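Naming: A, B, ... by sequence-line order, numbering from 1 per chain. From a predicted model like this one, the values you see are computed outputs, not experimental measurements.
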Protein chains: 2
Amino acid sequence: MLRLSKLTDYATVILSFMAKDETQVYTAMEIAATTGIAMPTVSKILKLLVNAKVLISTRGAKGGYALARAPEKITVANVISALEGPIALTECSISQKGCEQASGCGIRSNWSLINQTIHHALESVTLADMIKPATVKDTVWNQEVMIPVSSLYR
Amino acid sequence: MLRLSKLTDYATVILSFMAKDETQVYTAMEIAATTGIAMPTVSKILKLLVNAKVLISTRGAKGGYALARAPEKITVANVISALEGPIALTECSISQKGCEQASGCGIRSNWSLINQTIHHALESVTLADMIKPATVKDTVWNQEVMIPVSSLYR
DNA sequence: TTATTGTGTACCATTATAGTACTATTTAAT
DNA sequence: ATTAAATAGTACTATAATGGTACACAATAA
C-alpha cells in the first residue's frame, strides 16, 4: 500500500496545528489536548521532529516546542524523513549489503530514479501548502507544477 | 522510510526476468531457480500478479506464467498495487472511518494531492524502462519528462 | 489415468510499529 | 537553594503486519 506510518500522519496533524501561529511555543500537553493524540505519543513525535530540526525546543519551566522555520520552508519530505528515516522505496537503496539477486539487477539504478522522483514530489509540498484550505483554487497545485526529471541529475 | 515491501521488490526482479522474452511461458520453478527467490515465495507473488492482471497463467502440464501485455504497458504502479493494494500514503485516504482528529483536518484533501502526484510518478515508469540498461542515456528519464500536476484533476 | 502445474486458503514465526514507562536534565520562579 | 515545570533519552511491551510455508484442490497435456 506504500503507506506512511501512523506517527507520520500524526506529525502532520501536530505541525499543521502549530503552524497556525508559527512563532508560538506550545507545550507537549497543549498539543496533546488540542489534537486528541495521547500525550506520550505526542511527546515521542515532538522529540523526533526536534532531532530532525523541524522544531526547536526549550526546556524547563515555560519551555515547549515551536517551528524551527516558516511553514513555507518545512517540506513534507522533511517530516517523513524525520519520522521514518531516509525516503527510499527499496532496502538496497539504503544499504547494499547482501543484495546478490542472481539475475536482473540492473533494476537498482532505475529504482533510484523513481525514488528521486518521489522524493522530489514530496519536497515540492510544504507545511504551508498543507494548511491552505483545500479549495484547489490558487494552491500551488493549480499552477502547472512541473517536475523536470533531468534536474535530478544535477 | 516510505518503503515498499520485500515482495514488491521481488516482483520487480521476477518481472524483469520475464520481460526478457515477453511471450514465453515460464513455470514458477524456472523463475525461482533463475532469480534465487524461494519457490513458495515466487509462487505467492505470481498468484498476486495474475489477480492483478499483470500476468496470465495457464494451468496443467506445460502451463506457467507469461506477461499479460508488453513491458511498455506494465507500470510500476501496476506492480505495486498488485502486491500492496491501493497506493495511498495515509490510512484515511483509503477508508474514512473514525477519523475525527479534533483539529486540523483540512489536511486530508491535500494528502490526496500528494498521493496522486506520487501515483502519477509511479505510473510514468514501465517495466520496459526498468529493464533498460541504466546508462541514463536515452532512457525515458533523460527526455525532460514533466509531470503537469493540473492534469491530475481531469 | 497420471504427472505436471497453477489456485486458494490457512497458518506460523519473525519483525516492525505504536504506545508506555521511567529516569535524567534543564530552566523559571520563589 | 529549592521546587515545579518542562523536555531528552532510553528501554520495554503488546499488538499488528509481513514474509514465508504447507496443504488440499483444480485444470490440463500426454
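At least one side-chain heavy atom of A/Glu84 sits under 4.5 Å from a side-chain heavy atom of A/Ser5. With a 4.5 Å cut-off on side-chain heavy atoms, A/Thr12 and A/Val76 do not count as touching.
Rounded to whole Å, atom P of D/dA8 lies 12 Å from atom NZ of A/Lys53. In this structure, A/Lys6 atom NZ and D/dA14 atom P are separated by 18 Å, rounded to whole Å. Between the CE atom of A/Met29 and the C1' atom of D/dT7 there is a distance of 14 Å, rounded to whole Å. Counting to the nearest Å, the P atom of C/dG19 and the CG atom of A/Leu83 are 12 Å from each other. Per the geometry, CD1 belonging to B/Ile56 stands 13 Å off P belonging to C/dG6, to the nearest Å. Rounding to whole angstrom units, CD1 of residue A/Ile14 and C1' of C/dA18 are separated by 14 Å. Between A/Leu7 atom CG and D/dA16 atom P the separation is 15 Å, expressed in whole Å. D/dG20 atom C1' lies 9 Å from atom OH of B/Tyr10, rounded to whole Å.
Applying the side chain to side chain donor-acceptor pair (under 3.5 Å) rule to A/Asp21 yields the partners A/Thr23; only residues at least two apart in sequence or on another chain are considered. Residues that satisfy the side chain to side chain contact (heavy atoms under 4.5 Å, CB included) test with B/Ala19, not counting sequence neighbours, are B/Leu67, B/Pro71, B/Leu127, B/Ile131.
Heavy atoms only, all atoms of each residue included: A/Glu30 and A/Thr27 are closest at OE1-N, 2.9 Å.
For the contact set between residues 39-50 of chain A and DNA chain C, defined by any heavy atom under 4.0 Å, the members are A/Pro40, A/Thr41, A/Lys44.
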Next item on the list: Could you please spell out the steps behind the side chain to side chain contact (heavy atoms under 4.5 Å, CB included) verdict for A/Val79 and A/Ile74?
Entry: CA-CA 8 Å; A/Val79 179; A/Ile74 298 176; 4.2 Å; yes

Look for any protein N or O under 3.5 Å of an N or O in nucleotides 28-30 of chain D and output each such pair with its distance, or none.
from   : atom 1 : to      : atom 2 : distance (Å)
D/dT28 : O2     : B/Ala61 : N      : 3.2

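Partner B/Ile31 forms a side chain to side chain contact (heavy atoms under 4.5 Å, CB included) with one of B/Ile14, B/Leu15, B/Ile37 and no other, that one being B/Ile14.
Residue pairs satisfying the side-chain hydrogen bond (donor to acceptor under 3.5 Å, both in side chains) criterion with at least one member in residues 59-69 of chain A, sequence neighbours excluded, are listed as follows: A/Arg69-A/Asn78.
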Name each donor-acceptor pair under 3.5 Å that joins a side chain in residues 39-57 of chain B to protein atoms two or more places apart or in another chain, with its distance.
none

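For B/Thr27, the side-chain atoms get nearest to C/dT5 when compared with the rest of C/dT17, C/dT5, D/dT7. The B/Tyr65 side chain lies nearest to C/dG6 when the options are C/dT17, C/dG6, D/dA8.
Between D/dA8 and A/Asn51, no contact under 4.0 Å exists linking OP1 or OP2 to a side-chain N or O. An OP1 or OP2 oxygen of C/dA18 is reached within less than 4.0 angstrom by a side-chain nitrogen or oxygen of A/Ser5.
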